[in-house]
Amino acid sequence: MHKLQVFNSLSKAKEDFKPLHSDHVGMYVCGPTVYSDVHLGNCRTFVSFDVIYRYLMHLGYKVRYVRNITDVGHLEGDVDIGGEDKIAKKARLEQLEPMEVVQKYVNGFHQMMDIFNTLPPSIEPRATGHIMEQIEMIKDILDRGLAYEKNGSVYFNTPKYIEKGYNYGILSGRVVEDLVQESRDDLKKQGEKEHPSDFALWIKAEPSHLMRWRSPWSIGFPGWHLECSSMSTKYLGEHFDIHGGGQDLKFPHHENEIAQNQGACGTAPARYWLHANMLLMNGRKMAKSDGNTITPQELFSGNSSHISKGYSPMVVRFFMLQAHYRSTLDLTDEALQAAEKGYNRLMETYKILSGLESTAAAGTADAELTKLIEQLDIDMCDDFSTPKALATLFELSSKANAYKGGQLSADSISSEVLQKLKDTFKVFLFDVFGLKEEYGEGAQGSNGLLDGLMNLIIDIRKSARDNKDWTTADKIRDTLAELSVQLKDGKDGTSWTKS
RNA sequence: GGUCGGGUGGCCGAGCGGUUAGGCAGAGGUCUGCAAAACCUUGUACGGCGGUUCGAAUCCGCUCCCGACCUCCA
């Protein structure tokens, strides 16, 4: 097996991946704050980590994948400027219980994750289910003198943290002095905080605040960042292997998480920090404010001015895999169309492959094919380079097609290598990349009725064609086309796909 | 303003000192009743200006442009 290398945001370099406990891997990924529908960019991050999760398992690791749900504490703006809890705000606006808001968007999130065919995490803990743990962690931080209480709220003391020799900014490269000198007005409003870079661990609730818990300091709620520190510690230990999330969480979220863990446990939480990059649209950040945005639903239905047609979830997933997770990815209509064709082509090859046979004991192309097959793991071991692995898969695809088409002779591939090729396609396409068949013959979820009907129609058309009754044959073809069913006439008969 | 990251052919996207990335589109061809599909072959590139080097898309400097973060964000 090849050596897996991962890009560690802490060192800004690729490092050999060595898990703490031989074949077990602990991975924590920051999940969504459930106050609105999942953002498409969110989906990209979770798809990226889904592939990482899948590939780690493919390498034989037993992975405990923890991805949280943040359902309290995430404020709009800062505490000092009267930031309101995102969930509480939504609850107020929609006149719902906060937990109704949470449930609604958790359901939607799970549905979307399912649509994108991501595997569920091993544990999906919620912040509100871990208030006790968070309170305990605040106590530990206070005990170590790294936090202070002010009017019922508790703040992390960053100057003290630095004074004690810790490196605040270790992940983000942020320097506290620079933070102080920020020209931005918001940051100058210190409010209760003793220092602008301090952040809330516990926030005293206003009387009107709906989400509240009893604590030694006040009736209130935990600060954002804290839930991840305490839940990762609870389920993965004080020190674990991988921590992931979106690039934009580096600061302040992850930086503060590290400070909290160091402050409470005296150790850094994760050894490898992995960050997924942003999804752009037409070269710019997706933002509702200027209309440069698209929801997953709109993307699937085509109901958006940014795209010419709908793209299926697997096409979108494939599109995401064509870029490295650490690069920004630009969503454009053209790029999606290209992805759709590429995805279809790979799926087509998979089908073709399953029908190929070989009786040769040794083939002239065996060595080349074996090398390409091995290349897939080399690609993926290079910081989960799905674009490279996909390119290699396309090269294998060409070989398989050439073998079928006769450009590669019958004795070019041995039965053993052909079998290996079939297995490889299956494993990478479905297990590692997490793609699946969506429409057409043999797609998951088809009940056999559709396939049966289509076979009947194709059979009738074949008779017509055999009798040179082109009128009937073309009528069948054209009518189906209007229903978005495309017939594909090949040497070995006719197949179909729904687009 | 500060801190990072990036600018690759018509489009997307790998590459990180010398060797074809790959996909889509384009061109040519095979197949086909016609068409579509499929398959095969194939051209075009490294923002600009300097420098280091036998050799740079890859390293260094300057410059222009874009993006992210600094404030809720995946």
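In what follows, chains are A, B, ... by sequence order, proteins preceding strands, each numbered from 1.
- Rounded to whole Å, the separation between the C1' atoms of rG18(B) and rA35(B) comes to 48 Å.
- Between H306(A) and N292(A), some side-chain heavy-atom pair lies under the 4.5 Å cut-off.
- Between the side chain of N277(A) and the base of rA68(B), no donor-acceptor pair under 3.5 Å is found.
- Residues R44(A) and F116(A) form no side-chain contact, since every pair of their non-hydrogen atoms from C-beta on lies 4.5 Å or further apart.
- A cation-pi arrangement is present between R326(A) and F7(A) under the rule of less than 6.0 angstrom and at most 45 degrees off the ring axis.
- No donor-acceptor contact under 3.5 angstrom links the side chains of Y272(A) and E15(A), judged on distance only.
- If you take atom C1' in rC46(B) and the same atom in rC12(B), they sit 15 Å apart, rounded to whole Å.
- rC4(B) and rA38(B): their P atoms are spaced 47 Å apart (whole Å).
- Within 4.0 Å (heavy atoms only), G245(A) reaches sugar-phosphate atoms of the nucleic acid but no base atom.
- For rG5(B), neither phosphate oxygen OP1 nor OP2 lies less than 4.0 angstrom from any side-chain nitrogen or oxygen of S327(A).
- Checking rU3(B) for Watson-Crick or G-U wobble geometry (two distances, each under 3.5 Å) identifies rA68(B) as its partner.
- When the nucleotides rC40(B), rC34(B), rA14(B) are ranked by their closest atom to the side chain of R477(A), rC34(B) comes out on top.
- For A391(A), counting side-chain heavy atoms from C-beta on, the closest listed nucleotide (rC24(B), rA21(B), rA36(B)) is rA21(B).
- Side-chain proximity of D248(A) to the nucleotides rC24(B), rC69(B), rG22(B) is greatest for rC69(B).
- Remark: rA25(B) base-pairs with no nucleotide in the shown strands. Criterion, Watson-Crick or G-U wobble with two distances under 3.5 Å.
- Among the atoms of the strands shown, base atoms are found under 4.0 Å from some heavy atom of D489(A).
- Between K285(A) and rC69(B) there is a side-chain N or O to OP1 or OP2 distance below 4.0 Å.
- Each of rA74(B), rA37(B), rC12(B) was ranked by its minimum atom distance to the side chain of F319(A); first place goes to rC12(B).
- Both S385(A) and W470(A) lie near RNA chain B, and the one whose nearest nucleotide falls closer to the 5' end is S385(A).
- Under 4.0 angstrom from either OP1 or OP2 of rC39(B) there lies at least one side-chain N or O belonging to R345(A).
- On the P atoms, rA57(B) is 14 Å away from rG50(B), given to the nearest whole Å.
- The nucleotide rG55(B) finds no pairing partner, because no Watson-Crick or G-U wobble arrangement with both distances shorter than 3.5 Å includes it.
- Among the nucleotides rC70(B), rG13(B), rA36(B), the one closest to any side-chain atom of P252(A) is rC70(B).
- Heavy atoms of S48(A) sit nowhere under 4.0 angstrom from any nucleic acid atom.
- Of the two residues contacting RNA chain B, namely T349(A) and K388(A), the nearest-nucleotide position lying further toward the 5' end is that of K388(A).
- Searching all strands for a Watson-Crick or G-U wobble partner of rC49(B) with both distances below 3.5 Å returns rG61(B).
- A cation-pi arrangement is present between R67(A) and F46(A), with the terminal nitrogen or guanidinium carbon under 6.0 Å from the aromatic centre and inside a 45° cone about the axis.
- Taking the P atoms as reference points, rC11(B) lies 15 Å from rA25(B), given to the whole Å.
- With hydrogens and angles left out, the side chain of D474(A) and the base of rG33(B) share a donor-acceptor pair within 3.5 Å.
- Rounded to the nearest Å, the gap between the C1' atom of rA14(B) and that of rU19(B) is 16 Å.
- When the C1' atom is used for both rC16(B) and rG7(B), the distance is 15 Å, rounded to whole Å.
- Judged by ring centres under 5.5 Å apart and planes tilted less than 30 degrees, F394(A) fails to stack against the six-membered base ring of rG23(B).
- When the C1' atom is used for both rG15(B) and rA21(B), the distance is 7 Å, rounded to whole Å.
- Look at NE2 on H324(A): it is 20 Å from P on rG23(B), rounded to the nearest Å.
- Counting heavy atoms from C-beta outward, S397(A) and L346(A) have side chains that approach closer than 4.5 Å.
- At the heavy-atom level, A335(A) lies under 4.0 Å from the strands shown only through sugar-phosphate atoms.
- In this structure, Y350(A) has its ring center no closer than 6.0 Å to that of F425(A).
- Contact annotation: K341(A) side-chain N/O to rA25(B) OP1/OP2 distance is under 4.0 Å.
- Using a 4.0 Å heavy-atom criterion, one finds that Q337(A) contacts no nucleic acid atom at all.
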